[in-house]
Amino acid sequence: MTVPAYQKIVFYLLLTVSSVLIFAPAIIAFSMSFMSNQDIMTGKIIPTSFTLDNYVQVFDRFPLFNFLLNSLIVSIVIMIGQLVLSSLAAYAFVFLEFKGRDILFFVFIATMMVPFEASIIPNFQTIRDMGWINTYTGLTLPFFAMAFGTFLLRQSFKQIPKELKEASEIAGIGDFKFYLTVVLPMARTSLVTLGVYGFLTSWNMYLWPLLSTTDDTTRTVQIGLRQLQSQEQLNEWGVIMAGAIIVVLPTLILLFLGQKKLQKGLAEGALK
Amino acid sequence: SGGEDASNEENTSNDSNAEESEADDEKQVVTFWHAMGGAAQEALNKIVEDYNNSQDKIQVNAEYQGTYDEALTKFHTVAGTDSAPTMIQVFEIGTMSMINSGHIEPIQNYVDKDDYDMSGLEENIINYYKIDDKFYSMPFNSSTPVMYYNKDAFEAAGLDPENPPATYEEVEEAGKAIAESNPEMKGFALQAYGWLFEQLLANQGALLMNNDNGRSDTPTEIGFTEEQGKSIFNWVQNMIDDGTFANYGTNGDNMVSGFLAEDVAMFMQSSASARNVIDNAPFEVGVAFIPHPENTEREGVVIGGASLWMVDGKNQAEKDAAWEFMKYLQTPEVQAEWHVGTGYFAINPDAYDEQVVQDAYETMPQLRVTVDQLQSTTSSFATQGAIMDMIPEGRRIVETALETVYNGGGVEEAYQTAVDQLNQSIKNANTARGE
Amino acid sequence: MQHVEMIDLEKSYDNQKNVLNGINLAIEEGEFFVLVGPSGSGKSTLLRMIAGLEDITGGILKINDKVVNHLRPKDRNLSMVFQNYALYPHLTVEQNILFGLHAKKVEKKEQQKRLIETAEMMGLTELLKRKPKQLSGGQRQRVALARSVVSHAPLCLMDEPLSNLDAKLRAHMRIEIRRLQKKLGLTMIYVTHDQVEAMTMGDRIMVLNDGKIQQVGDPITLYNEPANLFVASFIGSPKINLGTAVIRDHHLIIEDSIHIPITTSDIGNIIQKDDLTIGIRAEHIFHGEEDKKTHELEVINVEHLGNETLLTFEIGKELWTAKWLGQWRARVGDKVPVKISVEHMSFFDSKTTELIKPASNTAKEQEVVAI
Amino acid sequence: MQHVEMIDLEKSYDNQKNVLNGINLAIEEGEFFVLVGPSGSGKSTLLRMIAGLEDITGGILKINDKVVNHLRPKDRNLSMVFQNYALYPHLTVEQNILFGLHAKKVEKKEQQKRLIETAEMMGLTELLKRKPKQLSGGQRQRVALARSVVSHAPLCLMDEPLSNLDAKLRAHMRIEIRRLQKKLGLTMIYVTHDQVEAMTMGDRIMVLNDGKIQQVGDPITLYNEPANLFVASFIGSPKINLGTAVIRDHHLIIEDSIHIPITTSDIGNIIQKDDLTIGIRAEHIFHGEEDKKTHELEVINVEHLGNETLLTFEIGKELWTAKWLGQWRARVGDKVPVKISVEHMSFFDSKTTELIKPASNTAKEQEVVAI
Amino acid sequence: MSDLLIEAEKDYTGEFLKAKKVQRTKSFLKGVLFLLPSIILFSVFLFYPLFKTIYLSFFLTDSSGATTVFVGMNNFKAIFTSPLFLKSLEVTFLFVLYTVPGTVIVSLFLAVLANEKLRGIGIFRTIFSSTMGISVAAASVFWMFLFHPTIGWLNQILELFGVEAIGWLTDPDWALISVSLSTIWMNVGFTFLILLGGLQSIDSYLYESADIDGASYFYKLRRITIPMLSPTLFFVITVSFINAFQTFGQVDMLTRGGPQNETNVIVYSIYQEAFMNYQHGAASAQAIILFVIILLLTLVQFKLGERKVHYQ
Ligand SMILES: Nc1ncnc2c1ncn2[C@@H]1O[C@H](COP(=O)(O)OP(=O)(O)OP(=O)(O)O)[C@@H](O)[C@H]1O
Ligand SMILES: Nc1ncnc2c1ncn2[C@@H]1O[C@H](COP(=O)(O)OP(=O)(O)OP(=O)(O)O)[C@@H](O)[C@H]1O
Ligand SMILES: O=P(O)(O)OC[C@H](O)CO
Ligand SMILES: [Mg+2]
Ligand SMILES: [Mg+2]
């Protein structure tokens with residue numbers, strides 16, 4: 001099937017304009033991270049000089065590689081935890097019929113509505129009492145159960161034709177096996193999406209890691225970015241932008257690399 | 001430039017920090033929580049670093065805990081548990097909250113035990129932190145606001161750059177002159193920042209809270225009169241009417257950028273910014289005392305910034321080690337370095353005699369003004385500063401009121417709302433404490 | 001192995017009008033039981049109820065004399081071919097086929113043996129590595145069939161399993177399924193709309209209409225002695241020719257246009273003279289050679305099926321079809337001689353639609369044939 | 001009024017082996033063109049290429065003398081019934097049917113008129129408010145059909161549109177589709193695996209196997225003169241009886257077991273004496289009454305289809321089927337007299353599988369019939 | 001015969017009930033088993049804090065968060081008469097009103113664009129989803145700069161066109177819009193990706209069928225894409241909705257609730273009460289009210305939405 005040329009041009013035009021608009025803030029930040037403070041302060045749009053100073057400074061100010069590694073560990077652990085727990089729960093909500101299911105689902109959804117900022121202090125106390133301050137457990141465990149993920153996977157599982165479950169039931173395939181061998185592979189797209197989402201949101205957390213750690217051993221990279229900003233002094237935009245770029249780069253690279261896989265996953269999702 | 005210097009120093013310090021923390025089992029570890037971000041963090045790290053290198057008994061670990069607010073909240077949550085640090089930096093308006101927490105040990109105990117002489121500190125600082133004749137915390141980073149102005153712009157407007165305006169009225173006049181000479185430039189900017197309002201009150205001798213700014217008894221309502229309080233609002237209103245006021249809301253960075261971009265000729269800001277502003281300005285920067293209404297005497301400023309608190313419940317050796325470190329921070333050499341590196345005062349006046357400071361004054365004579373303003377402050381309840389646990393909330397009330405005026409709301413209503421809310425907030429705080 | 005019994009079974013979706021009504025039925029062990037009925041009559045629904053996929057609204061379902069109304073599908077030990085295949089899109093053909101065996105932890109070797117056997121039988125050997133999306137309609141259907149066949153479950157439910165196959169393959173499959181069923185002694189419940197399948201495969205056929213059983217019986221009985229007009233016209237292709245008739249003065253008058261003289265022996269015990277409907281099969285309207293012709297009818301349509309020719313005539317307001325073996329070169333408008341005799345006619349009560357008297361000749365003919 | 005032409009059309013999926021190969025074909029305006037072939041032979045693929053849903057790998061496709069290889073489906077002005085129905089699951093039956101008219105902004109009144117008409121014709125009137133999920137298989141198929149019929153597009157592609165309907169409904173639909181096609185003068189390309197549909201509906205039939213055209217012609221020609229063994233065995237149900245044969249001493253010896261004396265007139269221009277395969281249709285193995293019988297064969301299977309009986313015999317290693325009208329009471333093991341004559345046999349070259357000589361009798365019989 | 005049947009049935013009713021009960025218990029246990037890990041963690045990290053919050057909302061607290069005086073419903077009374085809280089409510093609703101439709105519409109537009117099978121579409125998809133990889137902290141920094149009154153690009157561009165500079169974050173008329181704008185940008189990446197996934201899983205045969213019917217691009221969009229996308233859309237809307245109610249990061253970084261509380265959404269107000277004013281009681285009361293509001297609205301949304309949503 002082919003699309004006529006004029007239509008193609010319209011699409012490319014729209015795509016390009018949208019891309020520029022979407023990508024501009026990141027590009028601007030990127031170019032600023034190589035500008036001197038003077039250039040930035042005087043509102044230059046095109047830098048007069050190119051400097052790596054900003055990056056050097058960022059790397060000097062905190063143990064960046066350590067932070068990056070911590071972020072990576074925390075994000076991956078949370079991601080896996082969320083995938084397991086959410087898919088189990090979503091399965092129950094879609095394929096198992098039991099009394100109180102709908103109510104329970106609503107309770108799950110309701111948990112999404114508890115503002116995190118409101119529960120942050122009690123949670124901090126819990127972590128403190130368990131002795132999990134400055135541990136990966138403390139950083140990750142509270143995020144394993146995820147109503148959002150359950151909800152997302154529920155929507156996705158609901159798209160799996162009922163007949164497949166029926167065919168499995170007749171073949172004598174138990175729920176757990178069906179979950180493993182049919183539901184998970186068929187919902188691969190959503191799992192990938194949720195995984196990426198979980199990874200990125202964990203990567204991007206800053207209030208909780210700041211609170212649940214007191215020293216640099218398990219701290220994540222977002223805290224570094226926050227430290228770059230002072231409260232009332234003049235912002236060193238170049239340094240801050242360099243920090244932001246460093247913080248953003250791993251996730252963007254992941255996204256760019258994962259895009260192919262993500263796309264493939266998305267495309268295979270269309271195979272129903 | 002200055003930034004580069006700092007970064008080079010920081011480079012070496014950080015590396016050795018990592019090495020050391022691994023190889024010091026016998027050393028007494030002191031955990032030091034702070035809220036210094038940006039350049040101040042660099043300077044602080046360097047000092048801690050030097051201290052750790054200077055001796056082999058104590059290892060201080062400086063750990064960033066977010067903003068002043070966040071650090072304090074976090075402390076409240078871990079106070080009394082093993083996770084609590086040995087010492088913590090808390091901003092000045094957190095003083096009452098710390099005392100009330102019950103998890104601190106007054107620094108006075110150590111002063112007495114050690115016979116340590118606190119009298120060498122700046123008078124203002126002593127005034128603020130000595131409560132009921134007792135030091136609860138060790139002053140550390142102190143700042144006051146000053147007025148920055150663009151000397152070049154002054155010149156262009158036919159004003160005397162060496163004789164900056166001292167009163168509200170003079171500021172207004174100067175603003176008009178500047179706006180006239182350069183329609184692109186506004187005269188004055190006042191960041192909507194409660195701290196600045198407090199300082200402007202103090203400068204006209206007004207109290208923020210009653211009961212002598214809370215020094216004789218817990219405050220029950222605000223301490224300034226309608227005339228005193230409103231004078232500030234009216235001043236701003238006048239400049240807005242003249243079209244000489246620049247509104248940057250609550251954002252200090254925007255304001256400084258505006259000043260540097262020559263959008264505004266004068267603004268008030270913490271002395272801690274001095275180095276930064278001077279370094280980055282493409283024109284000559286002047287620093288002046290903050291203004292006061294013509295019909296009042298200049299009373300001076302209240303000390304701002306933060307102090308260091310000893311946390312209770314740690315073993316004595318650890319606390320002693322922390323005390324050693326606190327004392328180290330008071331030494332003239334350290335204070336000199338701190339002063340020059342950040343723009344915070346040297347709380348120990350002896351530091352001003354240090355060579356580094358002298359050198360810095362040589363190149364940046366403006367830095368002196370900040371010290372002069374502090375030292376010429378008249379000692380009174382007003383300049384001693386208010387202590388009350390709801391001041392952080394009070395600041396936000398005032399900020400909203402200021403912004404209302406900036407954005408065209410009436411002074412009358414904005415002021416009245418603020419006063420009502422302040423009084424309500426004081427009442428709430430007292431009820432919450434069960435008083 | 002399996003004995004399936006239904007007592008007063010009922011089904012309604014969402015409390016709407018019943019889709020199935022008062023189904024009473026017993027299916028014997030090892031029986032090949034065929035379910036036919038018009039589209040929407042409830043065949044799939046019945047199958048799904050037996051499988052345990054639909055709640056039973058009323059009545060009792062027994063398998064092996066055990067009430068299973070509330071037993072879960074997997075505990076009923078049966079296999080099923082779905083009308084829409086229900087293949088796992090993410091699994092290859094091979095994985096699809098082996099899915100159930102895998103779950104039941106059948107030995108690896110046995111799995112492979114059965115896989116090869118079944119794939120061979122279904123002509124899927126070369127497609128084992130494909131995904132369902134890459135298969136043609138008929139290929140998909142064969143995978144669905146293979147999945148059921150491979151399981152060797154003693155009760156087998158199939159919902160139109162051959163509908164997407166061509167005649168040749170279908171003939172082959174018919175034989176294979178029947179052979180397998182016999183060999184393993186499976187009890188089979190088989191939904192089809194294909195007359196040939198129904199007639200040749202089934203030990204018994206049940207005709208369903210509008211959720212009610214019309215008739216259950218062996219294929220030939222259904223054909224020769226349809227219980228009512230519905231069954232008569234549903235079974236047999238081309239459809240049986242029907243006409244309202246009255247008996248007057250020793251004549252049978254059909255649709256006011258065909259008059260046939262009758263004797264008492266012809267009509268036997270028919271007392272009723274009015275409100276009759278007669279049915280005569282297409283193959284019983286013979287070509288009236290020479291003197292044997294009883295009527296001459298005008299051809300209004302001719303269809304050639306290759307080995308047979310269908311001629312359509314207008315009788316009153318009905319269209320009748322005659323089916324003659326061979327290729328006849330008749331043209332529309334031709335008048336052709338035919339032979340219509342009462343012995344081939346079945347009589348129905350027009351009001352109740354019930355059979356009054358089946359055709360008497362079928363039995364005769366059979367006897368002539370035996371050698 | 002569409003004229004579809006294909007020149008050397010080819011198709012492969014993902015650069016694999018070609019699914020269609022060198023398709024050269026012209027379909028006339030107003031023609032009812034039927035496509036048959038075994039499962040997986042590429043019928044759906046060809047249809048989808050004509051519709052513009054699959055890229056054309058090679059060759060040229062013309063509609064109305066215009067090359068349309070790259071035209072989008074919506075610009076080809078055609079309608080299609082998909083093998084898997086392709087109903088919109090979120091729309092009701094009514095919305096499904098009207099989807100296309102709506103899209104084309106056909107007048108509301110006209111829409112309603114056509115809707116009522118079509119729903120009536122398809123027996124969907126009572127289901128108009130349902131969603132596809134709530135329909136039975138056959139009902140869904142009818143909706144798919146209705147969607148195509150309602151559009152009145154001049155070129156109509158149907159992929160096994162009646163496969164899920166019962167015989168009665170199917171017969172009805174057959175007539176309705178044919179009637180509509182004639183009335184509107186539609187060009188129809190129709191895929192089916194049903195012999196009756198193919199034979200009765202098509203103006204011409206094309207047999208496809210393994211992506212290659214086997215034969216194109218009118219139904220009777222395909223039946224009587226199949227171009228090769230494939231077509232011979234594909235067309236006609238039951239399947240044609242085949243056997244290898246040699247000519248020796250004025251005898252035709254089939255499968256080493258049946259000897260038939262022959263004269264030169266019988267075999268006409270056949271020079272080849274070896275490597276022959278003969279084919280004889282089931283209906284041409286007659287019951288050998290009295291003296292007319294030529295052979296006696298042992299029955300190894302009997303199938304009753306109601307109005308006809310299928311008898312299976314073993315001839316060498318082949319199984320032959322005879323189809324006799326009526327119900328014959330033969331039992332397995334019986335020896336029955338049959339009449340097999342050379343005039344009904346088609347001769348093929350075993351090696352090339354090509355037809356050498358068609359049966360000579362078919363034509364004769366037709367003449368006998370004409371009155 | 002029929003009498004016999006009735007008897008038989010009678011016999012079974014009891015058995016059916018028992019079997020049903022056993023089965024129900026079994027399936028209930030199975031359901032719980034699948035949900036157990038989630039339930040445990042939810043209990044510890046969500047329900048317990050929630051109950052604690054409810055408890056706290058009836059008290060005044062000291063700065064460490066310990067309860068001091070029981071005040072009953074006073075906290076609630078106080079906040080409902082407080083113009084500050086009412087303002088927060090208004091701001092929150094406006095924020096939701098700006099960002100949810102904004103995000104969904106922009107993302108949908110991008111997703112539909114990026115769903116075309118064109119050469120190099122992967123690059124565009126990557127770019128469109130890129131904002132998902134940019135943390136709130138980093139994104140806020142980016143936008144803080146763009147909004148910068150003097151050196152920010154937005155004002156510089158305006159200047160180019162001779163338009164007067166806008167106080168993006170300081171002008172009370174603009175601040176919420178600015179924060180919303182940056183929020184939409186931050187959310188677009190993820191929403192886009194989800195919607196694209198939804199689009200891609202629509203069976204191609206539906207489009208094939210519509211193509212043959214001669215449906216135009218927009219007709220297909222309206223009659224097939226959107227309805228078939230409805231489960232995904234429903235999901236995206238619900239989640240955006242809940243997220244919008246809970247936005248914190250960008251407010252904290254960009255405006256700290258100002259100017260004049262114009263961007264002081266409830267969550268930020270809660271943070272302020274707890275972290276800066278040490279009024280845990282008042283903060284808790286606000287949290288409870290926010291919770292109830294979101295709960296009610298989501299309930300309504302589920303009631304209205306799920307009915308319109310089409311599941312396969
Ligand atoms: N997407 C695909 N990718 C690879 N192979 C395919 C794909 N679709 C079909 N095929 C293969 O192409 C061949 C022709 O398929 P097609 O669907 O045209 O068959 P068909 O003649 O319609 O068969 P049926 O009667 O079973 O529907 C088959 O062998 C099939 O497996
Ligand atoms: N989920 C459902 N909700 C409501 N009605 C339904 C549902 N499924 C089926 N029906 C209706 O129940 C009746 C019987 O459906 P069933 O699928 O059993 O028919 P069938 O005999 O299998 O027909 P076909 O030969 O067309 O497949 C039909 O009228 C159908 O419309
Ligand atoms: O930012 P600082 O350290 O100058 O402190 C200013 C105020 O005093 C803080 O309350
Ligand atoms: Mg069915
Ligand atoms: Mg096909």
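Computation of the quantities below employed the complete heavy-atom set of this structure, encompassing side-chain atoms and omitting hydrogens, waters and symmetry-equivalent molecules. Labels below follow one simple rule: chain letters A, B, ... track the order of the sequence lines, proteins then strands, and each chain is numbered from 1. No experiment lies behind these values; they were computed from the predicted model shown.
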Could you check if a side-chain atom of A:Phe151 sits within less than 4.5 angstrom of a side-chain atom of E:Thr238, using non-hydrogen atoms only? yes
Nearest 0.5 angstrom please: E:Glu116 CD to A:Lys8 NZ, how far? 11.0 Å
Does the side chain of E:Ser130 come within less than 4.5 Å of A:Leu252's, by heavy atoms? yes
For E:Leu113, is it the side chain, the backbone, both, or neither that has a heavy atom closer than 4.5 Å to a heavy atom of chain A? both
Return the CE to CZ distance between A:Met32 and E:Phe145, rounded to the nearest 0.5 Å. 3.5 Å
Inter-residue atom distance E:Leu35.CG - A:Thr150.OG1, 0.5 Å rounding: 8.5 Å
Using non-hydrogen atoms and a 4.5 Å limit, figure out which bit of A:Ser190 sits close to chain E: side chain, backbone, both or neither. neither
Option in A:Ile245, A:Val248, A:Leu21, A:Ile28 with maximal non-hydrogen atom pairs under 4.5 Å from chain E: A:Ile28
Side chain / backbone / both / neither for E:Val106 at chain A, heavy atoms under 4.5 Å: neither
Could you tell me if the side chain of E:Phe42 sits less than 4.5 Å from the side chain of A:Val107, heavy atoms only? no
Once the angle between the rings of A:Phe148 and E:Phe190 is folded into 0 to 90°, is it parallel (under 30°), tilted (30 to 60°) or perpendicular (over 60°)? tilted
Min side-chain heavy-atom separation E:Met132-A:Val196 under 4.5 Å: yes
Segment of A:Leu88 engaging chain E (4.5 angstrom heavy-atom cut-off): both
Mind checking ring pair (Phe, Tyr, Trp, His ring centres under 6.0 Å) for A:Phe106 and listing every partner two or more places apart, or none if nothing turns up? E:Phe302
Filter on salt bridge (charged side-chain N to carboxylate O under 4.0 Å, His left out), then keep only pairs touching residues 187-197 of chain E, sequence neighbours left out; what's left? none
Go through the steps to decide whether E:Ile194 and A:Leu152 satisfy the test side-chain contact (heavy atoms from CB on, under 4.5 Å), and finish with yes or no. CA-CA 9 Å; E:Ile194 298 261; A:Leu152 180 122; 3.2 Å; yes
For the candidates A:Ile109, A:Leu141, A:Val247, which exhibits the highest count of non-hydrogen atom pairs separated by less than 4.5 Å from chain E? A:Leu141
Walk me through whether A:Met241 and E:Phe142 qualify under side-chain contact (heavy atoms from CB on, under 4.5 Å). CA-CA 8 Å; A:Met241 288 303 182; E:Phe142 293 178; 4.0 Å; yes
Check whether E:Asn155 gets within reach of chain A through its side chain, its backbone, both or neither, counting any heavy atom under 4.5 Å. neither
Is any side-chain heavy atom of E:Leu41 closer than 4.5 Å to one of A:Pro142? no
Ring centres of A:Phe23 and E:Phe124 under 6.0 Å apart? no
Taking the side chain as C-beta and beyond, is there a heavy-atom pair between E:Ile134 and A:Thr251 under 4.5 Å? no
Sub-4.5 Å side-chain heavy-atom contact between E:Leu110 and A:Leu15: no
Run the side-chain contact (heavy atoms from CB on, under 4.5 Å) check on A:Ile127 and E:Phe45 step by step: do they pass? CA-CA 10 Å; A:Ile127 295 289; E:Phe45 293 110; 4.2 Å; yes
Chain E heavy atoms under 4.5 Å from A:Ala90: which part of the residue, side chain, backbone, both or neither? neither
Contact residues of residues 281-290 of chain E (partner chain A; heavy-atom separation under 4.5 angstrom): E:Ala287, E:Leu290
Is chain A contacted by the side chain of E:Leu299, its backbone, both, or neither, given a heavy-atom distance below 4.5 Å? both
What pairs of residues pass the side-chain hydrogen bond (donor to acceptor under 3.5 Å, both in side chains) test when at least one of them lies in residues 29-40 of chain E, not counting sequence neighbours? A:Asp175-E:Lys30
Quick one: pull up CZ in A:Phe93 and CZ in E:Phe34 and give me the separation to the nearest 0.5 Å. 12.5 Å
Give, as side chain, backbone, both or neither, the part of A:Thr126 having an atom under 4.5 angstrom from any heavy atom of chain E. side chain
When A:Phe95, A:Tyr91, A:Phe108 are compared by non-hydrogen pairs under 4.5 Å with chain E, the top option: A:Phe108
Determine whether a donor-acceptor pair (N or O, by modelled atom type, separation under 3.5 Å) exists between the side chain of E:Trp185 and the backbone of A:Ile22. yes
Interface moiety of E:Leu295 toward chain A, non-hydrogen atoms closer than 4.5 Å: both
Worked verdict on A:Leu14 versus E:Phe109 for side-chain contact (heavy atoms from CB on, under 4.5 Å): CA-CA 10 Å; A:Leu14 286 173; E:Phe109 170 76; 4.2 Å; yes
